Amino acid sequence: MRDPILVVGGGQGIGKAIAEAWPDRTTTWTRHTGVDATDPAALRAAFAGYQSKHGAPFALIHTVGDFAEQPLLSTDRPTFDHLFASNVASAFHTVQAIVPAMVAARRGRVVLFAAAGADKDRGMLRAPVYFAAKAAVIQLARSLALEVAPAGVTVNVVAPGLIAHEHSHRESQQRLAARVPLGRLGTPSDVLGLVAFLLGDGSTYLTGQVLTVDGGLQA
């Protein structure tokens, strides 16, 4: 796999691990690199520069998405707005800025990130607004998959469970760790194999799917 990868939100956690797995072919965008994924103008400007050097990316991986663990009735409006901006608006603006070039190139893989359980038909007491935002990301991905399939572009969602890294919410994860049948928290390396599969030749006929990596988490 030598084609270029663009990781939006690759400054920490899973996104950082993905970028580090393929360093010779990955470009990473974060606020620290001057690209705010919630700002459509910033994304368009950044992609104009990227496209002039690399053309359309083969893979677009979006890992942006802040987390907040608060009951629904005690979630204030700024927190609600931030979670939807970080998770949903950033994904929406990113695919609008970049995927048309992939469609024009008639190839590519789009990988968005949700959360284990966000696609299930059940409520989420732990972090309801966060899971609502991730459910919206899943619906965007499923719709986008249908829209771009005729051009040979696939769109799939990775839904991690309790993945421990330097910026994860350890208190929450430790509280829920006993619900993981495999008996441990996950690590970013547990997600990398799935991402590699989605970028590889074995996934060319897979699109519009939510793929969960959670050790069997019983939420």
Side-chain angles (χ1 to χ4, degrees), residues 1-29 57-65 67 87 90-91 94-95 98-99 102 107-120 130-131 133-145 148-149 152-169 173 176-177 179-219:
M1 298 186 299
R2 307 302 302 173
D3 294 311
I5 300 170
L6 178 56
V7 179
V8 180
Q12 60 187 34
I14 294 171
K16 180 181 178 182
I18 293 170
E20 291 177 344
W22 296 283
D24 58 337
R25 55 189 292 229
T26 299
T27 299
T28 300
W29 288 355
F58 169 71
L60 169 63
I61 302 175
H62 177 278
T63 66
V64 178
F67 174 84
N87 289 280
S90 69
T94 295
V95 300
I98 299 161
V99 172
M102 300 168 71
R107 65 165 199 159
R109 313 288 170 81
V110 178
V111 180
L112 305 182
F113 273 74
D119 61 329
K120 305 302 182 184
Y130 171 78
F131 279 97
K134 287 305 190 185
V137 170
I138 288 170
Q139 186 57 41
L140 287 177
R142 286 172 170 161
S143 299
L144 181 64
V148 302
V153 178
T154 66
V155 183
N156 291 289
V157 178
V158 174
L162 305 176
I163 306 299
H165 54 79
E166 65 273 21
H167 296 284
S168 62
H169 295 256
Q173 291 178 338
L176 296 171
R179 300 184 186 180
V180 181
L182 282 180
R184 65 174 177 86
L185 298 177
T187 68
S189 64
D190 291 314
V191 182
L192 288 177
L194 177 55
V195 174
F197 169 71
L198 291 174
L199 303 190
D201 293 338
S203 67
T204 57
Y205 202 57
L206 181 71
T207 196
Q209 302 305 308
V210 179
L211 304 168
T212 300
V213 185
D214 68 355
L217 175 65
Q218 304 298 298

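All values derive from a computational prediction rather than experimental measurement.
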Undergrad: Contact between Val180 and Leu162 at the side-chain level, heavy atoms closer than 4.5 Å - yes or no?
TA: yes
Undergrad: For the residue pair Pro181 and Leu217, what are the closest heavy atoms and their distance?
TA: CD-N, 3.9 Å
Undergrad: What are the two closest heavy atoms between Phe197 and Ser203, and how far apart are they?
TA: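 Answer, listing the atom of Phe197 first, then Ser203: O-OG, 3.0 Å.
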Undergrad: Atom CZ in Arg109, atom CD1 in Ile5: separation rounded to 0.5 Å?
TA: 11.0 Å
Undergrad: Compare every heavy atom of Ala114 with every heavy atom of Pro160, then report the nearest pair and how far apart it is.
TA: CD-O, 3.5 Å
Undergrad: Verify salt bridge (Lys or Arg N to Asp or Glu O under 4.0 Å) between Arg179 and Asp214, making sure each step is shown before the conclusion.
TA: CA-CA 10 Å; Arg179 300 184 186 180; Asp214 68 355; over 6 Å; no
Undergrad: Backbone N or O of Asp3 within a donor-acceptor pair of the Arg25 side chain at under 3.5 Å?
TA: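 Yes: the side chain of Arg25 pairs with the backbone of Asp3.
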Undergrad: Quick one, Val148 with Val99, criterion side chain to side chain contact (heavy atoms under 4.5 Å, CB included). Give me CA distance, side-chain angles, the key distance, then yes/no.
TA: CA-CA 9 Å; Val148 302; Val99 172; 3.9 Å; yes
Undergrad: Look up atom CG in Leu112 and atom NZ in Lys134, then write down how far apart they are to the nearest 0.5 Å.
TA: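 One gets 9.0 Å once the value is rounded to the nearest 0.5 Å.
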Undergrad: What's the separation between atom OG1 in Thr154 and atom CG in Leu198, rounded to the nearest 0.5 Å?
TA: 7.5 Å
Undergrad: Would you say that Thr27 contacts Val7 through its side chain, given a criterion of any heavy-atom pair below 4.5 Å between the two side chains?
TA: no
Undergrad: Tell me, do Val111 and Asn156 make a side-chain contact under 4.5 Å, heavy atoms counted?
TA: no
Undergrad: Going through the checks in order, is the side chain to side chain contact (heavy atoms under 4.5 Å, CB included) test met by Val210 and Arg142?
TA: CA-CA 9 Å; Val210 179; Arg142 286 172 170 161; 3.8 Å; yes
Undergrad: Closest approach of Gly216 and Gln218, non-hydrogen atoms and distance?
TA: O-NE2, 2.6 Å
Undergrad: Does Thr207 reach the side chain of Gln209, with side-chain heavy atoms less than 4.5 Å apart?
TA: no
Undergrad: Between CG of Leu185 and CG of Asp190, what distance do you get to the nearest 0.5 Å?
TA: 10.0 Å
Undergrad: Looking at every heavy atom in both Gly9 and Val64, which two are closest together, and how far apart are they?
TA: CA-CG2, 3.6 Å
Undergrad: Quick one: does Val110's side chain get under 4.5 Å of Val153's, heavy atoms only?
TA: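 A side-chain contact under 4.5 Å exists here.
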Undergrad: Once rounded to the nearest 0.5 Å, what's the spacing between atom OG1 of Thr212 and atom NZ of Lys120?
TA: 5.5 Å
Undergrad: Is any side-chain heavy atom of Ile163 less than 4.5 Å from a side-chain heavy atom of Val191?
TA: yes
Undergrad: Going through the checks in order, is the side chain to side chain contact (heavy atoms under 4.5 Å, CB included) test met by Val8 and Thr63?
TA: CA-CA 6 Å; Val8 180; Thr63 66; over 6 Å; no
Undergrad: Out of curiosity, Asp119 CG to Ile138 CD1, how far, rounded to the nearest 0.5 Å?
TA: 4.5 Å
Undergrad: At their closest point, which heavy atom of Ala91 faces which heavy atom of His62, and how far apart are they?
TA: N-NE2, 3.3 Å
Undergrad: Is any side-chain heavy atom of Phe113 closer than 4.5 Å to one of Ile14?
TA: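 In contact.
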Undergrad: Passes side chain to side chain contact (heavy atoms under 4.5 Å, CB included), Leu144 versus Val95? Steps please.
TA: CA-CA 9 Å; Leu144 181 64; Val95 300; 4.0 Å; yes
Undergrad: Can you confirm whether Phe58 sits close enough to Met102 that some side-chain heavy atom of one is under 4.5 Å from a side-chain heavy atom of the other?
TA: no
